[in-house]
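Data block below; observations after.
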Amino acid sequence: LYDHKGSFKFHADISQVIDRGGEGSIIPHPKDKAQVLKIYHDGIKPNLTYQSWIDLNQLDDRFIKPIELLYYSSGEIAGFSMKLLDKSYLRISQLFTKAQCEKMGITDTVKTIIAKELISLIAEAHNKNIVIGDFNPYNIFFDVHGKIRLIDVDSFETPALKHSGRQLDEIRDHYYLVAVNKESDY
């Protein structure tokens, strides 16, 4: 893989998959254990450009954003590096049942903190003229103290790049005629 100037960075072993999503695979960073790589699947055109990367990096650290864009020798974006999400963070779907919350010791106070953090995340993005678009439970993580982390930020709409429209049907906002915009984020 190469940097944006065309300089060789490292070889990435795509067989070492940690997790896999609809657009790419998460693999270990070959040089930094505190980071991982997202490498796009063959045939996926990333909704990410150098300028949208700059826009995304204005977001605070609650967003697990691209640290460095990585390219193939052809100049096409292969993926990017990002922080490794600490294992203390769980998918927000873990909060969906009372029994699971009781098992983890998640109180109403922590749930209130989480709800306020979710609103704050949306406000942070919108203040930077960024639309989340894919605000789904697979991309939202929390810890037992109510801290939130949001992944898959490379799919966000930025001033430099419109949203791709790729979303889970469960979160598609039909009230806004499936448009991806600030209102549909809420």
**Request:** Only pairs at least two apart or in different chains count here, so list each ring-ring contact (aromatic ring centres under 6.0 Å, His included) that has a residue in residues 16-36.
**Result:** F10-H29
**Asked** Which residues satisfy the side-chain hydrogen bond (donor to acceptor under 3.5 Å, both in side chains) test with K147, sequence neighbours excluded?
**Response** none
**Item:** Check: D55 main-chain N/O paired with K128 side-chain donor or acceptor under 3.5 Å
**Value:** no
**Message:** I'd like to check the ring-ring contact (aromatic ring centres under 6.0 Å, His included) partners of H11; sequence neighbours left out, ordered by chain and number.
**Reply:** F8
**Item:** Residue pairs, two or more places apart or on separate chains, that pass ring-ring contact (aromatic ring centres under 6.0 Å, His included) and touch residues 38-57
**Value:** H4-Y50, Y50-W53
Quiz: residues 67-79 side-chain donor-acceptor pairs under 3.5 angstrom, not counting sequence neighbours:
from	atom 1	to	atom 2	distance (Å)
E68	OE2	K9	NZ	3.3
S74	OG	E76	N	3.4

**Residues which pass side-chain hydrogen bond (donor to acceptor under 3.5 Å, both in side chains) with K83, listed by chain and number, not counting sequence neighbours** = none
**Message:** Among residues at least two apart in sequence or on other chains, which ones pass side-chain hydrogen bond (donor to acceptor under 3.5 Å, both in side chains) with Q94?
**Reply:** none
**Message:** Going by the rule side-chain contact (heavy atoms from CB on, under 4.5 Å), which residues pair with D42 if we only count those two or more places apart in sequence or in a different chain?
**Reply:** none
**Item:** Under the side-chain hydrogen bond (donor to acceptor under 3.5 Å, both in side chains) test, residues paired with D19 that sit two or more places apart
**Value:** R91
**Request:** Keeping to residues at least two apart or across chains, list the ring-ring contact (aromatic ring centres under 6.0 Å, His included) pairs with something in residues 78-112.
**Result:** none
**Request:** Scan for side-chain hydrogen bond (donor to acceptor under 3.5 Å, both in side chains) pairs involving residues 99-118, sequence neighbours excluded, and state none if there are none.
**Result:** R62-E117
